[in-house]
Amino acid sequence: MDGNIDNIIDKKIDDIVKKNNIYHIGKVVKINNYIIEATGLEDVFFFEKIYIKDESNIGYVDKIEEDKVVIALVKTTGDIRINDPITASGEALQSSYSKNAMGMIIDPFGNDKMSGKKFNDSKQIPIESPYIPIMKRTPVNRPLETGIAAIDLMFPIGKGQRQLIIGDKKTGKTQILLDTIANQKNKNVICIYVAIGKTKKEVKRVFTKLTEKQTNSYTLIVAAFNDDPVPLIKLTPYVALSIAQEYMMEGFDVLVCIDDLKTHADACREMALIAEKNTGRDAYPADIFYIHSRLLEKGCQYENGASITILPTVQTKGGDITDYISTNIISITDGQIVLSEKLFKKGQKPAINFGLSVSRLGGAVQSPDVKKVGAVVRREVLSYLETSDVYQLVNVESLSDELQSKIFKGQKLLGLLNQRKFSPMSQEKLIADFGYVAGLGDSKVVDELIKDIELTKRIESDEKPEKIKEIKVSTAVDESLVEHAPKREGPKEDFTKKDYFARPSDFSEKSYSSTDIADSGITYVNMDEDQKNEEFSYVVKQDSSILNPEATPSAPAQEVPVTPPPEAPVQESVPVQPETSTPVTEIPSTTDTTNNQNTQQ
């Protein structure tokens with residue numbers, strides 16, 4: 001205790017010697033909600049901490065003019081009147097943070113929102129920490145697993161990346177953030193959820209869900225409610241990024257989820273209009289792009305191996321992602337995940353618009369196995385969506401086999417991509433569930449990538465579902481059979497390499513019609529007629545029951561017993577009966593006999 005008093009006395013003496021005990025005092029001349037104009041403060045700097053009347057009312061310098069200073073209030077406990085004294089502190093406005101706040105809801109000044117108290121071991125941190133030089137950043141090449149199949153496969157996020165999540169209200173933006181946070185359990189990642197202008201009920205719901213998923217040990221919520229001062233709402237994401245930077249310097253990977261930047265932009269616009277600043281497009285501040293760019297630039301992969309990953313959200317109206325704020329943030333971030341209200345109402349969850357979503361890092365942050373599967377899945381899904389838009393009103397049965405196979409495969413993939421909330425999928429499960437599309441084979445050997453990938457599809461038939469399941473087409477070539485493969489001329493002589501499967505020496509090809517193949521329920525993709533015939537011949541050799549007896553060319557026709565006619569002398573009076581079941585040629589007429597005799601003569 002005595003040591004602490006000695007330190008305070010020494011600091012006061014040092015301030016007197018250095019003339020740091022001189023404070024500039026002014027007075028309030030205008031009050032406009034949370035914006036105050038003051039005179040008499042001639043030696044202040046931007047973002048300096050200001051006391052109004054006493055230390056219970058705190059603000060910061062937001063604008064400096066020739067004869068006055070504009071101050072934004074971030075904390076007030078009483079009424080402020082004209083001519084009240086204003087004191088400049090001579091130091092920048094700062095926040096505080098304690099590591100014991102993990103699992104809590106705190107405000108931008110580090111106070112516990114639930115109890116309203118400060119943490120005893122809090123330390124001062126800047127509201128906006130210095131930027132990280134480019135030379136201290138390294139390439140982003142490590143995946144951040146969200147547990148959401150559509151994102152991890154098609155739009156991967158890397159540690160140190162900035163990925164925008166954009167969509168209309170009630171389309172699942174916050175749920176993607178919560179799923180991602182819940183999936184970071186036991187992965188040495190610190191998560192910070194930033195609630196900007198949310199209601200207390202919404203923040204409480206988020207806190208309850210995260211608590212149920214046992215994320216309190218690594219998750220922090222920094223919140224500014226909708227009834228807090230607008231300047232405090234504006235500073236909230238900067239405080240969260242300062243906390244994240246502190247953890248990154250200690251070697252932690254940090255995930256920052258900002259929900260959402262459209263509300264933050266509206267708060268900046270409101271402040272600019274009240275403070276009579278110069279405005280730009282849509283009445284937003286002229287520097288709104290800089291406000292967001294210097295916030296999102298904190299996301300990086302640091303030289304010490306740690307990183308800050310930022311997932312901001314933006315709320316749109318009517319699905320329009322071309323408005324001012326949306327285009328600004330799209331140009332700042334490294335990709336966007338676009339959510340569609342139409343798809344959400346159809347039951348697709350997450351309701352991702354696969355055509356508009358993109359990740360600019362892509363396969364650079366994926367493992368080789370997931371990268372190979374994701375590339376095929378993305379191609380097949382986009383191809384299906386394009387095809388379904390054209391043929392959505394057409395009877396599927398009237399389409400060609402190739403189009404039917406494409407539509408069937410696309411529907412299967414969309415069904416697999418439809419995922420319930422808080423049901424994360426690991427990298428191994430992604431390959432097991434989606435690996436068959438890329439030719440990875442059975443789920444038991446999903447870790448072995450096959451070099452030559454052929455996309456094959458088997459359409460399930462209502463008449464013979466069990467027989468179709470028994471037919472397993474593998475893209476792996478048995479090297480022991482290659483030397484016995486029959487030699488062919490023309491463009492097919494390299495069939496053992498890619499186009500065909502090798503056959504044993506005793507294999508003989510038979511000729512089957514396209515009707516035979518269609519009746520069997522098997523569809524061959526990317527094969528000509530000769531290739532289909534050979535494939536079908538080999539399948540029939542292995543399992544002859546696949547053939548439809550009525551369509552089998554080699555099966556004997558059903559014999560109808562015919563009673564032979566009785567032997568009788570030929571009579572001229574016997575007429576020819578064309579409708580009888582007995583063939584006409586078996587009962588020759590007298591006329592035919594006479595004609596034959598005349599011909600011989």
Side-chain angles (χ1 to χ4, degrees), residues 19-96 107-109 111 124 126-128 196-197 224-239 242 261 263-292 294-295 324-325:
K19 297 183 179 180
N20 291 335
N21 61 331
I22 301 176
Y23 301 99
H24 295 276
I25 299 178
K27 64 178 181 179
V28 177
V29 296
K30 184 179 179 181
I31 302 174
N32 190 355
N33 204 346
Y34 47 81
I35 297 296
I36 296 175
E37 294 183 5
T39 58
L41 302 178
E42 298 180 357
D43 192 13
V44 293
F45 56 89
F46 180 73
F47 216 69
E48 182 177 354
K49 186 177 182 180
I50 303 295
Y51 298 110
I52 300 95
K53 188 163 50 175
D54 53 35
E55 294 188 359
S56 61
N57 301 313
I58 302 175
Y60 67 90
V61 177
D62 188 57
K63 183 180 178 182
I64 301 176
E65 298 182 359
E66 270 188 48
D67 55 346
K68 62 182 179 180
V69 174
V70 177
I71 301 169
L73 285 173
V74 295
K75 180 181 178 182
T76 177
T77 57
D79 293 337
I80 299 176
R81 304 178 183 276
I82 302 295
N83 293 327
D84 280 347
I86 293 181
T87 305
S89 65
E91 58 183 19
L93 181 66
Q94 289 188 323
S95 178
S96 61
D107 64 8
F109 293 112
N111 302 321
Q124 295 291 317
I127 296 275
E128 186 174 358
I196 303 176
F225 298 141
N226 58 343
D227 56 352
D228 287 333
V230 174
L232 192 64
I233 296 177
K234 178 182 177 181
L235 299 179
T236 302
Y238 293 99
V239 174
S242 294
L261 283 183
T263 306
H264 183 260
D266 292 342
C268 295
R269 175 169 60 181
E270 182 178 336
M271 281 187 61
L273 293 175
I274 294 178
E276 299 179 356
K277 291 184 178 180
N278 295 329
T279 57
R281 177 179 166 185
D282 295 345
Y284 285 104
D287 60 344
I288 187 65
F289 184 90
Y290 175 63
I291 290 174
H292 286 153
R294 77 174 192 258
L295 171 68
Y324 185 35
I325 300 302

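- A donor-acceptor pair under 3.5 Å is absent between the side-chain atoms of R269 and the main chain of I288, judged by distance alone.
- Between L93 and I127 the shortest heavy-atom distance is O-CG1, 3.3 Å.
- The shortest distance between side-chain heavy atoms of I291 and Y238 falls below 4.5 Å.
- The backbone N or O of I196 sits nowhere less than 3.5 Å from a side-chain atom of T236 that would complete a donor-acceptor pair.
- Scanning all heavy atoms of the two residues, the minimum distance from A267 to V230 falls at O-CG1, 3.4 Å.
- Residue D227 places its CG atom among more than 12 non-hydrogen atoms of other residues, nucleotides or ligands, all under 6.0 Å distant.
- Expressed to the nearest 0.5 Å, how far CD1 of I35 lies from NZ of K63 amounts to 10.0 Å.
- For the pair K277/D62, a side-chain contact is recorded, criterion being any heavy-atom separation below 4.5 Å from C-beta on.
- How far NZ of K53 is from OG1 of T87: 12.5 Å, rounded to the nearest 0.5 Å.
- Remark: the backbone N or O of F109 is paired with a side-chain donor or acceptor of D107 at under 3.5 angstrom.
- Residues satisfying the side chain to side chain donor-acceptor pair (under 3.5 Å) criterion with K75, sequence neighbours excluded, are absent altogether.
- Residues E48 and S89 approach most closely at OE2-N, 3.6 Å, considering heavy atoms.
- Heavy atoms only, all atoms of each residue included: L273 and A283 are closest at CD2-O, 4.2 Å.
- For E91, the CD atom counts as densely surrounded, since its 6.0 Å shell holds more than 12 non-hydrogen atoms of other residues, nucleotides or ligands.
- Note that OG1 of T76 is 7.5 Å distant from CD1 of I36, once rounded to the nearest 0.5 Å.
- Inter-residue side-chain proximity for P229 and L73 is flagged as unmet; no heavy-atom pair is nearer than 4.5 Å.
- Atom CD1 of I325 is separated from atom CZ of R281 by 9.0 Å, given to the nearest 0.5 angstrom.
- Taken from CD1 in I58 to CG in L232, the straight-line distance is 11.0 Å, to the nearest 0.5 Å.
- Listed by first then second residue, pairs satisfying ring-ring contact (aromatic ring centres under 6.0 Å, His included) with a partner in residues 44-71 read F47-Y60, not counting sequence neighbours.
- Put simply, the side chain of I50 reaches to within 4.5 Å of the side chain of I86, judged on heavy atoms.
- Heavy atoms from other residues, nucleotides or ligands lying under 6.0 Å from CD of E42 number 12 at most.
- Across all non-hydrogen atoms, the minimal contact from S95 to V239 is OG-CG1, 3.7 Å.
- Nearest heavy atoms, P285 versus C268: CG-O, 3.5 Å.
- Between K234 and H264 the shortest side-chain heavy-atom distance falls below 4.5 Å.
- Between I274 and Y34, the closest side-chain pair of non-hydrogen atoms falls below 4.5 Å.
- R81 is not listed as a side-chain neighbour of V28, based on a closest heavy-atom distance of 4.5 Å or more.
- Under the rule for a side chain to side chain contact (heavy atoms under 4.5 Å, CB included), the partners of T39 that lie at least two apart in sequence or sit in another chain are K27, V29, K68.
- Atoms CE and CD1, from M271 and I233 in turn, are 10.5 Å apart once rounded to the nearest 0.5 Å.
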